[in-house]
Every structure is written in C-alpha cells, then in structure tokens.
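What follows is a short report on a single structure.
The structure presented is a predicted model; accordingly, all values stated were derived computationally and were not measured.
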Amino acid sequence: MKLTETLWLLSAAASIVEAQADINLTVPRVPEQNDYPPNGPQLPAKPPPKKSYEYIIVGSGAGGSPLAARLALAGHSVLLVDAGGDHGTLREVEVPSLYIGASERNELSWGYFVRHYDNDTQTKRDRKLTYLTPDGEYYSGVNPPEGSEMLGNYYPRVGGLGGCTEHLALVSVAPAKNDWNHIKELTGDNNWDAENMKGYFKKLEKNQYLSSREDVTKAHGFNGWLSTTIEPLALYMRDLKMVSIFLSAASAMGIQTDGILNTTRKFVDGMNSFADKILPSNYTVQLADGIAKLFEYDINNDAPDRDSTDALCRIPLSISSPDWKRSSPRNWVYEIATARNADGSKRYPLDVALHTLVTKVNFDTASSKHKKPRATGIDYLYGESLYRADPRASAAGHSGVPGSVTATREVIVAGGAFNTPQILKLSGVGPAAELAALGIPVVKDLPGVGGNLQDRYEVGVSAAAPNNFTLFGDCTFITTPGDPCYASWARPNLDPLEHGPYATNGIAVGLFARSSTAGADHDLWVGGVPGLFQGYFPGMSRTVVTPSAKNYFTWLVLKAHSRNDIGTVTLRSADPRDTPRIAFHSFGEGDPAKQADAAKDLRAAVEGMRWGIRVVDDAVSLEPGAGLERVWPPLDVRSDEDLEQWVRDEAWGHHASCTCPIGADDDPTAVLDGQFRVRGVEGLRVVDASAFPKIPGTFPAVAIYMLAEKAADDILADRK
Ligand SMILES: Cc1cc2nc3c(=O)[nH]c(=O)nc-3n(C[C@H](O)[C@H](O)[C@H](O)COP(=O)(O)OP(=O)(O)OC[C@H]3O[C@@H](n4cnc5c(N)ncnc54)[C@H](O)[C@@H]3O)c2cc1C
Ligand SMILES: *[C@@H]1O[C@H](CO)[C@@H](O)[C@H](O)[C@H]1NC(C)=O
Ligand SMILES: *[C@@H]1O[C@H](CO)[C@@H](O)[C@H](O)[C@H]1NC(C)=O
Ligand SMILES: *[C@@H]1O[C@H](CO)[C@@H](O)[C@H](O)[C@H]1NC(C)=O
Ligand SMILES: *[C@@H]1O[C@H](CO)[C@@H](O)[C@H](O)[C@H]1NC(C)=O
Ligand SMILES: *[C@@H]1O[C@H](CO)[C@@H](O)[C@H](O)[C@H]1NC(C)=O
C-alpha cells in the first residue's frame, strides 16, 4: 500500500471514533523518503584504519560517544566502532520537530520486534501489534489478514553514529538524586553520590536558557558539550488551541487561571478573525508574557525537593541556539575526530569506524589458570546494513568483510540495552547454559547478562479538534519540496520566534508528579504534544502529524521508576547479524511475587491518564465550537478498570535499560562492579543504558551522559 493511502486511511479512521478501536494499517516498514539531502558534512563510513588502539569502544550512543571523546581528549588512542553510518546532518535528525521521522529513515533506522508478553492472547490485544502478512507487508492492528505471522511490537532504535541520541525526542532531564545514591549504596563507591554526580551534569551541560545569575540552586553548567535550551513560549502562543491547553493544564494543577483567562478572552474577542490562523507575533508575545510565569519552573534545578515536588513546566531540550539544531554527543565526536593541527595532522587520537558490526570481544584465556580471562580486542564484519534490525539488511545481499583489532588497555561495550548483552553473550560472557545450547564457548558464566531488562510504561490520551491546530501552519514536514516551515527554520536569523515551529520538538509542556503509589520521587511524566501519538508501529512516523491531519493533541503519560525487572534479552542464534529475542514480561507477567508491584505501576499509569483526560475534558475553548474531544482511548474506555486494562494492552516503551546491571559484590546476578568492570574478566567494561541496576529518572539520556562522564574518570584513574 502506498504511503498516501496509508495517510488517508489513518486520518479517515481517526475521524471516526469507533474505527479507532481497530487500527488497520498496512504500511511499508520504512516509508518513502523525501528529497532533502544532508545539510552538512558527515564522517565517511570506513572500517578500523589501524590494527591496535589503547581503548576500543563498541557502540557510539549516549554511553559510547561521550566516553570516546573524553578518553581521546585525555590523549589516548581510541577506536569508536558503530555498525551504522554517520547521518548527523540529515534534516530529520537536525530539525527538532522532525525527530519522529528520524526513527524511520532507512539510513539510520534499526527496528526490533519485541514481546511485551509471552502470553499470545494478551499480546494480541495490543491494537498496534505488528504482523507480516502473506503478501510480505507489515500489518499493525487486531485483525491481521489470514495467514499472517505475528512479529511483535515495533521498537525503534538508531544504528549509526550517536545511536539513539540521533532520534531521541530531545527531552533532557537529570535523574533523581536517589537514583545515584542507590548505586552508591549497592557498590560502596562514593563517587556515585548524587552530590558528586551533579558535577558531571555541570561538566556536560551548556545551558542556553538561563543566565548563571538565574541558576539560583547552582545546578547548571554553561561550558559543556550538550546544549540545553527551552524554546520561547511565544512559539506555542501562535495557536489559540495551545493557549487554551496551557491554561487548562495549569488549572488542573490547582493554579488560579481565572484572571489570565479573562484577560485572554478579552484579548481574543478582539481578534476572532485570527481563529484558524497563526496569531501575529504582537499578540503571541503578549500572551506569552501573560502566562509564562505559570510554567517557568526549571525541572533541572537542584533544590532539595526537586525530585518529589509536583511541577508543571516547560521542558529543557538538547537543542543548540541560535541555530535551533539537535545537540548530541555525535556532534562532539565529529568535532574531535575531525579536529586538525596547524600542520594538517589529526589533533586527537580518535578514529571512528562505521558500518562495522562488532561480532565478538576476544579474550586471552590461556595466560594462566589463576588469572581471569582478559579482553584483548574485537572481531568485526565490515559492510553496510549487516545487522538484521536494519530495514535494508535482507536486501544487502552480502555478509561483510571480517577483521579484528586489538586493544592494549581495554574494550568498552556500549551497544545499548539490547545489543550489549547480545555482544557479551556472543563473546562467551553470560549464562553458561544459554551459551552452551548455542555452541558458544563459555569464557565466564555470568547469569545476570541479559536479565533485569526494564523500561517505562508509556500510553497516550489523544483528542481531536474540529479544525487544525495553527501551530504547524502550512508545514509539510518536508514531504514536499519547498516546505515553508523548513525555509523559516533554516533562515539565518537570531530571533528564535522567526525560526517558527520546526525549532520546537512539539513537547509544549510537561507535568512531573508523584502518583498515589510513588516512592520518594516523581514516577509520572505527562507531556503535551500537538499530534496523534498512539505508540510505535512500522510507519508511525508518518502518522503523528501529517500535512492533512493537524487537529490532534496527545497527553503522553510515562510511568517512571517502573518496578518490572523480569524482562530478558536472549540470543535467538549465534549469528551476530540476528537480533536477539527481547521479552519484557510487562507487569510482572507470570511471576506471582511481582503482582503487587504491577498493581502499583498500573495504578500510577491510570492516574496519569486521568490527569490527561481531565485536562482534555475541562479544556476551556477560546474559539467557539472548536473544543477538543477525546478520541484515544475511545470514549467507551471509561472506568478505572477499563483504563487499567487499556494500559496492560497498549503500553509501550522506548527507554530500555538495565540488562548488564551494576550490582553488589555478593549479588550473583550483578554483571558490573561500581566502576563498570565486567565481573570475572579483565579489561572489559560496559558503559551505556545497560549498566543501571534500576531504570533512572523520567528520561534516560542525561543520566547515561553523566554515567559516561563518570566512566571516563574511572577508566583514566585505573591506568597502570
Ligand atoms: C524514539 C526514542 C525517543 C527517545 N527520546 C528520549 C528523550 O527525549 N530523552 C531521553 O532522555 N531519552 C530518550 N530516549 C532514550 C535514549 O535515546 C536512549 O536511552 C539512549 O540513547 C541509550 O543509549 P545507549 O548508549 O545505551 O544506546 P544507543 O544510544 O542505542 O547506542 C548504541 C549504539 O551501539 C551501536 N551498536 C549496537 N550493536 C553494535 C555492534 N554489534 N557493533 C557495532 N555497533 C553496535 C548501535 O548502532 C548504536 O549506535 C529515546 C529513545 C527512543 C528510541
Ligand atoms: C493470557 O492472557 C489472557 C488475556 O489477558 C488471560 O485471560 C489468560 O489468563 C492469560 N493466560 C495465562 C496462562 O496467564
Ligand atoms: C483494511 O482496510 C482496507 C481498506 O479499508 C481493507 O481493504 C482491508 O480489507 C482491511 N484489512 C483488514 C485486515 O481488515
Ligand atoms: C473572570 O470572569 C468571570 C465571568 O465573567 C467572573 O465571574 C470572574 O470573577 C472573573 N475572574 C477574575 C479573577 O477576574
Ligand atoms: C497587532 O498588529 C496588527 C497589525 O499588524 C494590528 O492591527 C493589531 O491591532 C495589533 N494588535 C495588538 C494587540 O497589538
Ligand atoms: C487541516 O489542514 C489541511 C491542509 O491545509 C486540510 O487538508 C485539512 O482538511 C485540515 N483539517 C481540518 C480538520 O480542518
């Protein structure tokens, strides 16, 4: 089916509430692409240029890239390896509001099909479950054509320089202090203390939304490598619907909005001719001035009650100004890898090998019976699209050119929560029985590798208006040449308002809150997005906002500090090109001991949805007859029990973590010690989302960046 038909199908279905209970969506896994070429230079794809380095880092995501940069800055020869290429200047990557498209660009997309449940009956209740039809197409929905094969839930990742930092939604929120202090308690390593970890946040942040004088709790850094900003509120105020959503959300928090509302109403009465249109900036600036104070709380402050106080606020984003582009560790690696001395020689000893799929870590096991096996380097296959999460893998028609590289100091694995345990297992480090069954020689029996998989539960409450939001005006999301919104975004102009809506990621405002079942810290984030966001399935990137359907709004609910820790990543085969089997066992599936925890998580998610539903239902309309009406979940999902079932059926995740956890010395399932060293072997560490014992904070990227900064210090301190 052609993309245009898909869009038609989706928008037609979306306008009829009943039809929504049953997404019928057959799309190519990766939609047709546009004709906007990359916007700047990218690193060339090449295999490792040398045979030996001091450090080899496998995977260039949130963990691997900052670590590579730090070690190279300290003068060490570093090889950073990634299976994908560099696509850091693709427009979908650079432009904040196009980030969802980055998840499904052929060039960088990796897509896994995961199982939320082993139970097929429960699994099939998910309205976005994906099947392969007998015609060889993807079908996502609850009525697959006869003879279809169930694939699972689509889980987007990036295989390429920067990893998932190249498509992440730019939300940059530091984790809770308790998240760090917990690791300190487990390991006895005082450097994990939240006070110390705060130093890493300051080291990496280049804050562009506060002055150092406004940073009253001294939480921020101003000279780091990650730009953080908050786009001007006035951008959202070009849209009367957004104005009313902001005010309704504030009112749901118990904030008195009567006065502002009255003023706004008067103001709006005088400009009815603007309903349906983008408000001119002389209005938007005044509106923004009027309501900015309600949302100015800085979620990355360092007050003692920061992790527990309910807050409705704008969100710090990893966007650099004044160019309003994605800021990511890929950009930092690019700078360091391409920096030159006056004589043209390389300034830093960092090489980046791309299209290089690491197939295993090699060990010296022979030296002495009494010594631990020592990591000596890696084996790899060089070639594009070798890994089968890459949508082009089956068409690639080649199996890569093998090679190997040695590490004189250490190998650090940073392939992400799915790939790091896979790489360790392929290398002989993991549960002995699982490895033996696949004929993989056991180097170290480590039962915890690939266990403890955790994620957040995410669901949405979506509403439709009878007419379009004006925020995205006549944007075509670069599906047409000459997209006017792209042209404004790209205009070299220091006034952020002039850059228009592409300078935003669309996440207008967010609530950080503690549910009735929370521990000490926030366990809910509810974020408002102008779009129809129903979770991930192949082709979803072209359905959230489309040129013809700009009349949706979604409150995304993230259940943070989720308690489920029985997910697993296991090998499907010993072929390094295969994806592993990923099973979340959501809500403690099959484990009676986990049901009380599951009930708490469900309860919290329902409370988050209730908040979203309330804001939608109570929304004050500033345009007569243009109020929001809930479309997802459909209106017949009514009681708390209905909502709980909905969460069980529909919740998805995209923050997978904890599959090679740091743990205590006496914990047999601990994979790492407090300095990221893989237990039972030498010269090998893991530095990425896998390393957390518990999923941290509300969003993981900043936590991983901080962890990578600590790892750099640990590794440098360990030099002999
Ligand atoms: C759609 C989406 C949106 C998100 N939005 C946000 C957000 O707004 N805020 C936030 O904080 N977090 C967000 N996240 C989460 C965040 O992006 C991830 O948690 C984070 O990037 C994980 O970092 P990592 O280093 O563990 O792995 P990754 O970033 O996944 O990096 C792993 C890298 O390893 C490479 N690799 C894997 N295996 C091999 C191999 N065998 N050989 C060579 N290379 C290999 C991969 O190509 C990849 O580049 C989002 C995630 C997704 C999927
Ligand atoms: C599987 O899921 C269905 C639907 O939720 C449920 O009714 C059934 O009891 C489950 N089966 C098992 C074995 O848990
Ligand atoms: C999906 O919708 C299309 C168009 O309405 C229809 O032709 C097709 O039969 C439907 N498929 C399923 C599996 O319901
Ligand atoms: C807002 O307007 C309403 C209705 O006109 C009025 O009852 C209310 O007192 C006003 N509130 C404020 C704070 O001005
Ligand atoms: C905004 O500018 C327009 C002309 O561009 C003018 O007609 C209108 O009165 C101005 N409105 C306000 C609130 O300043
Ligand atoms: C939204 O705008 C598009 C493009 O201008 C138009 O095709 C569509 O009908 C509008 N939708 C609504 C609900 O007004």
Side-chain angles (χ1 to χ4, degrees), residues 56-59 63-64 81 83 112 114-115 118 357-365 371-381 387-389 407 410-455 565-585 656-673 675-693:
I56 298 175
I57 299 174
V58 180
V81 192
Y112 297 79
V114 307
R115 288 296 292 263
D118 271 359
L357 178 72
V358 173
T359 56
K360 69 194 274 270
V361 176
N362 293 316
F363 289 92
D364 176 0
T365 50
K371 275 186 127 178
K372 292 177 182 171
R374 182 171 185 88
T376 55
I378 54 159
D379 283 355
Y380 66 82
L381 290 171
Y387 193 57
R388 295 192 174 103
E410 297 193 31
V411 176
I412 298 111
V413 182
F418 301 151
N419 289 74
T420 288
Q422 180 182 21
I423 295 164
L424 291 189
K425 287 179 179 183
L426 291 170
S427 312
V429 177
E434 182 188 344
L435 306 188
L438 290 169
I440 299 170
V442 178
V443 171
K444 172 68 194 169
D445 178 15
L446 266 190
V449 175
N452 194 47
L453 170 62
Q454 300 179 31
D455 208 334
D565 59 2
I566 57 170
T568 56
V569 176
T570 49
L571 294 181
R572 222 186 278 277
S573 80
D575 182 347
R577 297 177 58 200
D578 276 344
T579 59
R581 186 174 188 284
I582 298 157
F584 282 94
H585 299 295
S657 318
C658 308
T659 49
C660 294
I662 293 171
D665 287 345
D666 61 358
D667 176 356
T669 63
V671 174
L672 311 177
D673 71 10
Q675 288 84 48
F676 309 89
R677 288 179 288 233
V678 177
R679 290 180 178 274
V681 299
E682 283 182 353
L684 183 65
R685 301 191 208 228
V686 167
V687 179
D688 64 10
S690 325
F692 291 102

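The heavy-atom pair separating Ala574 from Pro576 by the smallest distance is O-CD, 3.2 Å. Closest heavy-atom contact between Ala375 and Gly683: CB-O, 3.4 Å. Minimum heavy-atom separation, Ala689 to Ala656: CB-O, 3.8 Å. Annotation for Gly663 and Ala670: closest pair CA-CB, 3.5 Å, computed over non-hydrogen atoms. Between Pro661 and Gly448, the closest heavy-atom pair is CD-O, 4.2 Å. Heavy atoms only, all atoms of each residue included: Ala691 and Leu672 are closest at CB-CD1, 3.6 Å.
Taking OG of Ser427 as the reference point, atom CG of Asn362 lies at 7.5 Å (rounded to 0.5 Å). Rounded to the nearest 0.5 Å, atoms CG (Asn452) and OG1 (Thr568) are 11.0 Å apart. In this structure, CD1 in Ile662 is found 8.0 Å from CG in Asp673, a value given to the nearest 0.5 Å. Here CD of Glu682 is found 6.5 Å from NZ of Lys371. Values are rounded to the nearest 0.5 Å. Interatomic distance, CZ of Arg388 versus CG of Asp578, reported as 4.5 Å (0.5 Å rounding). Taken to the nearest 0.5 Å, the CZ atom of Arg374 stands 9.0 Å off from the CG atom of Asp364.
In this structure a side-chain-to-backbone donor-acceptor pair under 3.5 Å is missing from Ser690 to Cys660. The backbone N or O of Gly63 lies less than 3.5 Å from no partner atom in the side chain of Asp688, so there is not a single donor-acceptor pair. Listed for the Arg577 side chain is no donor-acceptor partner under 3.5 Å among the backbone atoms of Leu357. Of the possible polar contacts, one joining the Gln454 side chain to the Pro693 backbone as a donor-acceptor pair under 3.5 Å is found.
The shortest distance between side-chain heavy atoms of Val358 and Asp379 does not fall below 4.5 Å. Using a 4.5 Å cut-off on side-chain heavy atoms (C-beta onward), Thr359 and Leu426 make no contact. Put simply, the side chain of Asp665 reaches to within 4.5 Å of the side chain of Arg679, judged on heavy atoms. A 4.5 Å side-chain heavy-atom check between Val443 and Pro441 finds every atom pair outside the cut-off. Under the 4.5 Å side-chain criterion, counting only non-hydrogen atoms from C-beta, Leu684 is in contact with Val361.
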### Query
Stepwise, does the side chain to side chain contact (heavy atoms under 4.5 Å, CB included) test hold for Phe418 with Thr659?
CA-CA 8 Å; Phe418 301 151; Thr659 49; 5.8 Å; no
### Intermediate values then yes/no, side chain to side chain contact (heavy atoms under 4.5 Å, CB included), Lys425 and Leu435
CA-CA 7 Å; Lys425 287 179 179 183; Leu435 306 188; 3.7 Å; yes
### Message
Could you go through Val686 and Leu424, starting from their C-alpha distance and side-chain angles, then the distance that decides it, and tell me whether this counts as side chain to side chain contact (heavy atoms under 4.5 Å, CB included)?
### Response
CA-CA 9 Å; Val686 167; Leu424 291 189; 4.1 Å; yes
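Each of Ile57, Val413, Ile56 was evaluated against Ile378; a single residue qualifies, Ile56, per the side chain to side chain contact (heavy atoms under 4.5 Å, CB included) test. In summary, of the residues considered (Val449, Thr570, Leu571, Ile582), a side chain to side chain contact (heavy atoms under 4.5 Å, CB included) with Gln422 occurs for Leu571 alone.
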